[in-house]
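So the structure is just underneath, and the comments pick up after that.
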Amino acid sequence: MASFNTIDDLDDAQRVLVRLDLNSPVEDGKVQDNRRFQRHAKTVKELAEAGHRVVLMAHQGRPGNDTFVSLDQHADILGGYIDREIQFVDDIYGEKALDAIDSLEAGEVLLLDNTRMSDDELPEEDPEVKAETEFVQTLAPHFDAYINDAYSAAHRKHASLVGFPLVLPAFAGRVMETEYEANTAIANREFDGQVTMVVGGTKATDVIGVMNTLGDKIDTFCMGGIASHLFLRAAGYDVGYDRHEDLDLYDTQWENNKEIIQELYEERRDQIKLPEGLAYEDDDDERAEHTNEELNAADYDYMDISEATVDKYDPIIRDSDAVFLKGALGVFEDEKFSAGTVGAIKAIAETDCFSVVGGGDTSRSIEMYGMDENDFDHVSIAGGAYIRALTGDDLPGIELLIDAAN
Ligand SMILES: Nc1ncnc2c1ncn2[C@@H]1O[C@H](COP(=O)(O)OP(=O)(O)O)[C@@H](O)[C@H]1O
Ligand SMILES: O=C(OP(=O)(O)O)[C@H](O)COP(=O)(O)O
């Protein structure tokens, strides 16, 4: 396996700039604690305890979304995991940020504000272009080393991920190391028996990518979440339209991908298992269900797969030698709509199979419903990056760390 330098290779008493992925769900303006904080805390704690001056960068949401907020709450949550204060500055590379960076003492930790508040961060561009941005050029001279711990964002060519490895010595953090090793090994692994992939979530392109590339390695795809609505629509059912102006879950995804979804469904009809029905909230705020024949996209938001679908997927999972889950099968954050996701992860946990659960949001369901990370072979905090690793795609953020080591 190609390799990169890690924090074991750092000189003593360095000024380190560390990229984390603390991108989290935000409910009513409140950032929700999750496994990303817990995992990155290990890297941060180790660096601080070793006496480095530690400056952290991370992003949250995308401009225009409700989840696009400042990182002040993130500093408190992360600090709780490492039992030391994490200072926060509401600036990225302006005078305020540079003053805070330069006054840091050995062992102290400072979090800069949301990297996506800088116009230099988001457009996907080549590393050489990103390295020349004001963002990178202003911050880099204040540091001895750059550490990328953001495995789950390593598929993005953003300034904080691909610009710095060209101008500073670059190293991988502990999360980067662990996820890279686990996901790369999984991608190359062969299984004797039945291999099942349970695919849900909200991002059709992730799902299509996996089904296209791994279609010959995976025996059965059990579909849930928004992904299943798009495939149900390909099968001729009346589902998969945006009913709210502020949500863009279906229309654009369907318009951009309908040919490929229809083709995939036709080609792999025997492998693709679709829901038997979907669940919605009735007028009394209770869970109710429609069979596929009753689906009516004009009047209902469908938020989970039906109980009959849970029963249909259960034996498929239990008969498998390997199960990969990516994306939730329903809005599990609301207990009423957790049956699909919980049914699948319980069946996986109780089966003696090789099991991987992927997705920053999806993996929250494990603790939420009384299961344990140790019930699975690997729980990845990455969604899109995990999918790309499984399909053998290179992740630009990691390629640059490997280049830097060679
Ligand atoms: N039917 C649905 N309608 C709306 N959201 C859904 C539905 N099914 C699943 N989800 C949402 O999908 C999210 C997880 O998927 P996604 O964000 O794509 O994956 P990841 O775990 O990689 O972040 C969950 O937060 C869940 O609420
Ligand atoms: O949460 C993330 O990706 P994921 O939802 O695929 O796990 C990363 O932070 C990347 O965020 P982005 O998909 O807004 O670029």
Side-chain angles (χ1 to χ4, degrees), residues 19-27 32 34-36 40 57-65 67-68 74 114-116 121-124 149-158 160-161 175 179 183 198-207 209-210 223-230 232 239-244 247-250 253 275 278-281 295 297 300-306 309 325-342 344-345 357-366 368 379-389 395-397:
R19 178 56 156 100
L20 308 178
D21 185 359
L22 301 177
N23 195 28
S24 301
V26 178
E27 287 168 20
Q32 305 295 303
N34 64 85
R35 188 175 269 99
R36 285 185 174 167
H40 282 299
M57 293 188 290
H59 72 273
Q60 173 61 55
R62 283 181 177 251
N65 294 351
T67 55
F68 182 61
H74 300 67
N114 190 344
T115 54
R116 292 183 178 177
E121 172 74 335
L122 268 181
E124 298 247 7
D149 209 26
Y151 177 87
S152 45
H155 52 310
R156 304 290 187 214
K157 287 202 264 180
H158 297 158
S160 62
L161 295 155
V175 173
E179 288 270 7
N183 295 326
V198 183
V199 263
T202 55
K203 297 167 197 162
T205 42
D206 281 357
V207 170
V210 138
M223 308 293 301
I226 299 298
S228 72
H229 300 191
L230 297 169
L232 279 169
V239 64
Y241 298 86
D242 285 328
R243 299 197 321 109
H244 306 279
L247 279 182
D248 185 17
L249 288 175
Y250 307 110
Q253 300 207 63
L278 298 172
Y280 62 95
E281 191 164 65
L295 294 175
Y300 297 93
D301 266 338
Y302 292 106
M303 293 195 274
D304 196 11
I305 55 173
S306 65
T309 313
L325 182 139
K326 160 68 179 91
L329 302 189
V331 184
F332 68 85
E333 294 86 346
D334 179 343
E335 203 174 346
K336 281 201 290 289
F337 300 112
S338 64
T341 307
V342 175
I345 56 171
V357 173
D361 286 335
T362 305
S363 61
R364 286 172 74 217
S365 60
I366 294 174
M368 238 169 151
V379 176
S380 175
I381 54 171
Y386 155 72
I387 287 299
R388 282 164 184 78
L395 303 170

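In this text, all values refer to a predicted model and were calculated from it rather than measured experimentally. When a residue number appears, it is its place in the shown sequence, counting from 1. All ligand and atom numbering here is 1-based and tracks the order in the structure.
- The backbone N or O of Ser160 sits less than 3.5 Å from a side-chain atom of Glu121, completing a donor-acceptor pair.
- Counting only distance, with no hydrogens or angles, the side chain of His155 and the backbone of Leu395 share no donor-acceptor pair below 3.5 Å.
- Checked by atom type and distance alone, the side chain of Asp304 pairs as donor or acceptor with a backbone atom of Ala339 at under 3.5 Å.
- A distance of 11.0 Å separates CG of Leu278 from CE of Met303, quoted to the nearest 0.5 Å.
- The shortest N/O to N/O separation between Gly61 and ligand 2 does not fall below 3.5 Å.
- A pairwise comparison of heavy atoms in Ile305 and Gly224 identifies CG2-CA, 3.9 Å as the closest pair.
- Closest heavy-atom approach to atom 10 (C) of ligand 2 within the set Lys203, Arg388, His59: this belongs to His59.
- Within the 3.5 Å criterion, the main-chain N or O of Thr67 finds a donor-acceptor partner in the side chain of Gln60.
- With atom 9 (C) of ligand 1 as the reference point, the heavy atom nearest to it among Gly330, Ala382, Ser338 is part of Gly330.
- For ligand 1, the atoms closer than 4.0 angstrom to any heavy atom of Gly383 are 22 (O).
- By the criterion of a heavy-atom distance under 4.0 Å, the side chain of Arg116, and not its backbone, is placed next to ligand 2.
- Here's the thing with Ser363: none of its N/O atoms is less than 3.5 angstrom from an N/O atom of ligand 1.
- A donor-acceptor pair under 3.5 Å links the side-chain atoms of Asp149 to the main chain of Val175, judged by distance alone.
- Summarising the local packing, CD of Glu335 is surrounded by 12 or fewer heavy atoms from other residues, nucleotides or ligands at distances under 6.0 Å.
- Nearest non-hydrogen protein atom to atom 5 (N) of ligand 1 is Val331 CG2, 3.6 Å.
- The two residues Gly383 and Asp206 come nearest to each other via the heavy atoms C-OD2, 4.5 Å.
- The protein heavy-atom contact nearest to atom 18 (O) of ligand 1 is Thr202 N, 2.9 Å.
- At a heavy-atom distance under 4.0 Å, only side-chain atoms of Arg36, from C-beta outward, approach ligand 2.
- Between Tyr250 and His229, the ring-plane angle classifies as parallel under the 30° and 60° cut-offs.
- Of the polar atoms of Gly383, at least one N or O is found under 3.5 Å from an N or O of ligand 2, judged by distance alone.
- Atoms of ligand 2 found under 4.0 Å from any heavy atom of Ser152 (numbered from 1 in listed order, with element): 8 (C).
- Judged by distance alone, with hydrogens and angles left aside, the side-chain atoms of Gln253 form a donor-acceptor pair with the main-chain N or O of Ala204 at under 3.5 Å.
- In the model, Thr341 has no side-chain atom that pairs as donor or acceptor with a side-chain atom of Ser338 under 3.5 Å.
- The protein heavy-atom contact nearest to atom 22 (O) of ligand 1 is Lys326 NZ, 3.0 Å.
- With Arg36 contributing its side chain and Ile381 its backbone, the two residues share a donor-acceptor pair below 3.5 Å.
- Atom 3 (N) of ligand 1 has its closest protein heavy atom at Ile226 CD1, 3.4 Å.
- Annotation for Leu122 and His158: closest pair O-CD2, 3.0 Å, computed over non-hydrogen atoms.
- If you look at Tyr302 next to ligand 1, the close heavy atoms, those under 4.0 Å, all belong to the backbone.
- Residue Asn23 approaches ligand 2 through these ligand atoms, each under 4.0 Å from one of its heavy atoms: 1 (O), 2 (C), 8 (C), 9 (O), 11 (O).
- When the heavy-atom distances from atom 27 (O) of ligand 1 to Glu333, His229, Met303, Lys203 are ranked, the shortest goes to Glu333.
- The N/O atoms of His155, backbone and side chain alike, include none that comes under 3.5 Å of an N/O atom in ligand 2.
- Contact between Gly200 and ligand 1 is absent, with no heavy atom of the residue lying under 4.0 Å from the ligand.
- The shortest N or O to N or O distance between Asp304 and ligand 1 is not under 3.5 Å.
- Among all non-hydrogen protein atoms, the one lying nearest atom 6 (O) of ligand 2 is Gly384 N, 2.7 Å.
- Protein heavy atom in closest approach to atom 21 (O) of ligand 1: Thr362 OG1, 2.6 Å.
- Protein heavy atom at the shortest distance from atom 15 (O) of ligand 1 is Gly201 CA, 3.2 Å.
- The Gly360 neighbourhood of ligand 1 comprises atoms 20 (P), 21 (O), 22 (O), 23 (O), with distances under 4.0 Å to a heavy atom of that residue.
- Considering only non-hydrogen protein atoms, atom 8 (C) of ligand 2 sits nearest to Asp21 OD2, 3.3 Å.
- Among protein heavy atoms, atom 17 (O) of ligand 1 sits closest to Asp361 OD2, 3.2 Å.
- Taken to the nearest 0.5 Å, the CG atom of Asp21 stands 4.5 Å off from the NE2 atom of His59.
- Between Lys326, His158, Arg156, it is Arg156 that holds the heavy atom closest to atom 15 (O) of ligand 2.
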